[in-house]
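What follows is a single structure, written as structure tokens, with notes after it.
Quick note: numbers below take in every heavy atom, side chains included, and nothing from hydrogens, waters or symmetry partners.
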Amino acid sequence: MSDIIGKKEMEKAYNPAAAEAKWYAFWQEKGYFTPKIDKSKKPWVCIMPPPNVTGALHQGHAMFVAAEDAMTRYHRMLGEPTLWLPGSDHAGISGETVVEKLIWKESKQTKNDLGREAFLQRVWQWMDEYRDVIVQQLEVLGASADWTRKAFTMDPPRQRAVRVAFKRLFDEGLIYRAARIVNWCPGSMTVISDLEVDMVEELGSLWYIRYPVKDQPGRFVTVATTRPETMLGDTAVAVNPKDTRYTDLVGQMLTLPLMNREIPVVADDGVDASFGTGAVKTTPGHDPLDFEIGQRHNLPIINIMNPNATINENGGQYVGLDRFEARKQIVADLEREGFLVKVEPYTHNVPYSERAGVVVEPLVKEQWWVKIKPLAQPALEAAYKGRVKFVPDRFKKIYTDWMENLHDWAVSRQLFWGHRIPIWYCDNCGNVEATDEESLAACGKCGHSDQLRQDPDVLDTWFSSGMWPFSTLGWPDQTEDLAYFYPGSVMETAPDIIFLWVARMIMFGIHFMGDVPFHTVYLHGLVRDEKGEKMSKSKGNVVDPLENVREFGSDALRFTLLTGSTPGVDIKLSRTRLTDSRNFANKLWNATRFISLSGLEGLEYQPATLSADLPLADRWIISRYSQVVKDTSRMMENYQLGEAGRALYDFLWGEFCDWYIEVSKLRLNSPDPATKQASQQVLVGVLEGALRLLHPFMPFVTEELWQNLPHSGESLIVALWPEANDQIDLAAVSQFEALQEVIKGIRNAKSEAKVESKRVAAIIVAKPELKTLFEQQAESVTRLAGVEASQLQIFDAAGLPEAPRQALSFVTAGATVYLPLAGMLDLAVERSRLAKEIEEVQKEIEKAERTLSNASFVDRAPVAVVAKERERLAANQEKLSRLEQRLQELATV
RNA sequence: GGGCAGUUAGCUCAGUUGGUAGAGCGCCACGCUUACACCGUGGAUGUCAGAGGUUCGAGCCCUCUACUGCCCACCA
């Protein structure tokens, strides 16, 4: 690959598309994404959050690729065996729904028409077709994941792992069956977890209904409700025991309107006397609070709804009606019969199913539950003791707060698609047992095999996801992968699945593996549109990452996402920022192009090395480079990816291109081949190193450019991350800064005074210790500041024959500079400009004097800070005297 | 009802051990200096949301307030 050096001329602008495809294929072919297991080294491991098979690639995926791939590439370059393990998720409910819709479209059949077996066959067919689509799209983004280890949450090894885990929990008594109130989604016809319920604030109504007191004609208890249809299942009315309004009614019976059932008045602390009428109609079968009250008072539970949310046979005359239809009907009937007292508009939270978008119905169902306390306790401790850290740190509290108040986990789902619950019932002897085999051969109790049936439900999709950090490595088998790569290092994901996923991985990891699955949880922010709104299909503001890649390049998208925010903070993705990043890639391209155009044939690669005999600019850029190595290394270790990216941007563009390349043009043009080559050596050395630093952020363009430069090794992806070696020459840095100050000053003066001629004359009166410096750097000054070489004079203060009067002038820390401009100068303007500058410097001096005259500052501030303040004062005083002197020179004209 | 973030130049955002405020875009003015107009040079713009406090010193720490956003929560 490196034979292109010097042979093929680089295009004028960078073309990402061609380079990206080329290098990704190259990396793949070389197998760089697959780590070599080396037991003498500690591996670095990141298990990729598996995208849903049913999803389309969105910016969240681009975000996680940007972050995870950057970390992966960084660690790979540190020489660690680095595993980034990809896969996909079968996506429980949404997987089932997608195929249901498809079948309906194809043949107007429901999944029940087809039956479980046929339906699952169809799902598998679909999954096989689409399973890897999303994952393959991650390649376009440059994901250097180990595709040889790719897993699927429903593939046979994972199915077996789930059965083993379930059986273990069951045998340990951590899984049990119970009838409780659960969230029923009438759209998907399954139970869903609290986390899958969205509370949506809606304007509804509060209906006040009166229930006649039995045997006391004309007396009523009025209740208030937002869901009048649930009254069909009322089995009591509850009041607060301290509520004197109802004291005499507690224990009495009421007649339930429309149903003509008798129900008791019970006293319960859970009732808030100040709300509504203080009396609550109690429907244990359809409301969580009522369920609790029912438990306490032994109230019967009446289920009035079918799974599709129509009223069932317990709903009397309303049987068959949809719940909202029934609501209307019931309200009308209550009104007609005189039971409706009043209706108030009422804003309240209505639970919606996140998946199906319909109103969730709380109802009592028998489900399988995971006893959570024994799992949560160690998982909490892991966070408290820092065995799992969160980036940013504040998410630790969000995690622990939730874990402390965790309820048992309902894991069964009434779906076909998913891990079938490995529980078998023996109808011969009534035995219930779990198995880790695909099916149970014979009842473990009575030995019969002819009356066994498996539980019809499947597991919550997060059950298998929770096992992902070790199921992907071969668990329950003691594989080499599992032994070597578990526990992993970093879990990188979005904050919205801390509870659904991260918490479960930590619990399962500790329980099944005896150790946390990762030591760090890195949370990225949500990607929003330019206005800061959440991207969603319905809003039509979704920006396809692949579209961005086509337009700006994968590197640009990734760099934008990483440098655009800090961890845990949402990022607005704007076209201007994408453009900036693309321009940055192009800038690097052209810097490299410039260097190659100078002719690199025969130049041997050698890393940038500081040495005292190098020219000032070289010592400066190498020092700056070393500082950047140090800074970015520290930032990468601290997960400050954005900061590191920005530091590299500033260095490469603002220092390397803007200054170093410009200065180096002098030596590149030298007739002396040795001079030219020495210059190339440093140009290449620094750029090559900086490309290594940038590689995790912009993998493609850096590889492309690196290959175009002399280098050592086969590919940048496996090159070593530069070592922080402290090659920093502080004197060179400050000298170069003095030079920059003079050059900027001349440019500024010319621009301000609107000097027409490109080349001007200049007289630099340097501080004695800097005179030689400026003499040596005369060419840099003439070239970068636009000074006529023959008209540049350099003196020290003593050597200056006479200060030119007809001249612009300015003062830097190291020199006073005159730009003689006979006849072109308005001395009055120049004087007032100087006066203004003097005023500013005086202000600085006053401020410093004030600070330094403060005894407690001198006493208490660190020595270095005080010294710095003193230096500043002295420098400004010295500057002031030179400014005043100049003003005086002009005054005598 | 609790909790957590954000509020810094016209716009988008940086600013981790508290030490005289930064970048890009945009804007204005120059500019084909043989890498780059996806460019170069120069310039303007900020009581760092408001009010207190701690400190020699606060964008950064503490308290309160305002606005914006997010998360959690069984008031029918």
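Taking every side-chain heavy atom of A/Val569 into account, B/rA14 is the closest of B/rA35, B/rU12, B/rA14. Residue A/Ala591 places its side chain closer to B/rA35 than to any other of B/rA35, B/rA76, B/rA73. The side chain of A/Cys657 sits closest to B/rA35 out of B/rC74, B/rC70, B/rA35. Out of B/rC71, B/rC74, B/rA35, the shortest distance to the side chain of A/Pro288 is found at B/rC74. Counting only heavy atoms from C-beta on, A/Glu752 has its side chain closest to B/rG42 among B/rC38, B/rG42, B/rC72. Distance from the side chain of A/Lys587 is smallest for B/rC36 among the nucleotides B/rG43, B/rC36, B/rA76. With B/rG43, B/rA35, B/rA76 as the choices, the nucleotide that has an atom nearest any side-chain atom of A/Lys665 turns out to be B/rA35. Which of B/rC36, B/rU33, B/rG24 sits closest to the side chain of A/Arg593 comes down to B/rC36. Here the side chain of A/Thr576 is nearest to one of B/rG19, B/rA14, B/rC25, namely B/rC25. Set against B/rC75, B/rA35, B/rC4, the side chain of A/Leu597 has B/rA35 as its closest nucleotide.
Comparing the same atom, P, in B/rA5 and in B/rA49 gives a spacing of 16 Å after rounding to whole Å. Annotation: B/rG57 and B/rC25 have their C1' atoms spaced 34 Å apart (nearest Å). Distance noted for atom C1' between B/rU55 and B/rC61: 10 Å (whole Å). The same atom, C1', is picked in B/rU12 and in B/rG3; the two are 29 Å apart, to the nearest Å. For the C1' atoms, the distance from B/rG59 to B/rG50 is 14 Å, rounded to whole Å. Taking the C1' atoms as reference points, B/rC13 lies 23 Å from B/rA66, given to the whole Å. A gap of 15 Å separates the P atoms of B/rA37 and B/rC32, to the nearest Å. Between B/rG26 and B/rA9, the two C1' atoms lie 11 Å apart (nearest whole Å).
Here A/Thr566 reaches the OP1 or OP2 of B/rA14: one of its side-chain N or O atoms lies under 4.0 Å away. Distances shorter than 4.0 Å separate some side-chain N or O of A/Lys572 from OP1 or OP2 on B/rC13. The phosphate of B/rU16 has neither OP1 nor OP2 within less than 4.0 Å of any side-chain N or O from A/Tyr639. The side chain of A/Asn854 places no N or O atom within less than 4.0 Å of a non-bridging phosphate oxygen (OP1 or OP2) of B/rG57. Between B/rG40 and A/Trp653, a contact under 4.0 Å exists linking OP1 or OP2 to a side-chain N or O. Between A/Lys750 and B/rG31, a side-chain N or O to OP1/OP2 separation shorter than 4.0 Å is absent. OP1 or OP2 of B/rG42 sits under 4.0 Å from a side-chain N or O of A/Arg747. Taking side-chain N and O atoms only, A/Asn583 has a distance below 4.0 Å to OP1 or OP2 of B/rC39. Under 4.0 angstrom from either OP1 or OP2 of B/rU20 there lies at least one side-chain N or O belonging to A/Arg872.
Heavy atoms of other residues, nucleotides or ligands lying less than 6.0 angstrom from CD of A/Gln295 number more than 12. Within a 6.0 Å radius of NZ in A/Lys389, other residues, nucleotides and ligands contribute 12 heavy atoms or fewer. No more than 12 heavy atoms of other residues, nucleotides or ligands sit less than 6.0 Å from atom CZ of A/Arg575. A 6.0 Å sphere centred on CD of A/Glu637 holds more than 12 heavy atoms belonging to other residues, nucleotides or ligands.
A cation-pi arrangement, defined by a distance under 6.0 Å to the six-membered ring centre and an angle within 45 degrees of its axis, is present between A/Lys342 and A/Tyr208. The cationic atom of A/Lys397 (NZ for Lys, CZ for Arg) does not lie both less than 6.0 Å from the six-membered ring centre of A/Phe390 and within 45° of the ring axis.
B/rU12 atom P lies 14 Å from atom CZ of A/Arg528, rounded to whole Å. Between A/Asp393 atom CG and B/rC4 atom P there is a gap of 13 Å when expressed in whole angstrom units. Between the CG atom of A/Leu578 and the P atom of B/rC13 there is a distance of 13 Å, given to the nearest Å. Regarding A/Asp650, its CG atom lies at a distance of 8 Å from the P atom of B/rG24, rounded to whole Å. Atom CZ of A/Phe656 and atom P of B/rA35 are 14 Å apart (whole Å). Rounded to whole Å, atom C1' of B/rG31 lies 13 Å from atom NZ of A/Lys754. Summarising the geometry, the separation between CZ on A/Phe499 and P on B/rC71 is reported as 10 Å, rounded to the nearest angstrom. Atom P of nucleotide B/rG2 and atom NZ of A/Lys397 are separated by 14 Å, given to the nearest angstrom.
In this structure, A/Pro862 reaches the bases: a heavy-atom distance under 4.0 Å links it to at least one base atom across the strands shown. If you check every strand for non-hydrogen atoms under 4.0 Å, A/Val271 touches a base. Among the atoms of the strands shown, only primed sugar atoms or phosphate atoms (P, OP1, OP2) are found under 4.0 Å from some heavy atom of A/Tyr346. When heavy atoms are screened at a 4.0 angstrom cut-off, A/Gly568 is found touching no nucleic acid atom at all.
The base of B/rU33 lies outside donor-acceptor range of the side chain of A/Glu662, with no N or O pair under 3.5 Å. In this model, a side-chain donor or acceptor of A/Glu844 finds a partner on the base of B/rU20 within 3.5 Å. With hydrogens and angles left out, the side chain of A/Lys12 and the base of B/rA37 share no donor-acceptor pair within 3.5 Å.
Across all strands shown, B/rA49 forms a Watson-Crick or G-U wobble pair with B/rU65, both key distances being under 3.5 Å. Searching all strands for a Watson-Crick or G-U wobble partner of B/rG26 with both distances below 3.5 Å returns nothing. With a cut-off of 3.5 Å on both pairing distances, B/rG59 has no Watson-Crick or G-U wobble partner at all. Checking B/rC75 for Watson-Crick or G-U wobble geometry (two distances, each under 3.5 Å) identifies no partner in any strand.
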As a quick check of understanding, evaluate side-chain contact (heavy atoms from CB on, under 4.5 Å) for A/Thr520 and A/Tyr639, giving each step before the final call.
CA-CA 10 Å; A/Thr520 299; A/Tyr639 303 97; 3.4 Å; yes
Please evaluate residues A/Val686 and A/Phe651 with respect to the criterion side-chain contact (heavy atoms from CB on, under 4.5 Å), reporting the C-alpha separation (whole Å), side-chain torsions for both, the decisive distance (0.1 Å), and the verdict.
CA-CA 11 Å; A/Val686 171; A/Phe651 172 74; 3.9 Å; yes
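Each of A/Asn590 and A/Asp401 has a nearest nucleotide on RNA chain B; the 5'-most of these lies closest to A/Asp401.
For the side-chain contact (heavy atoms from CB on, under 4.5 Å) with A/Ile209, the lone residue among A/Leu334, A/Thr277, A/Ile330, A/Val341 that qualifies is A/Leu334.
Side-chain N or O atoms of A/Asp555 include one that pairs as donor or acceptor with a backbone N or O of A/Val701 at under 3.5 Å.
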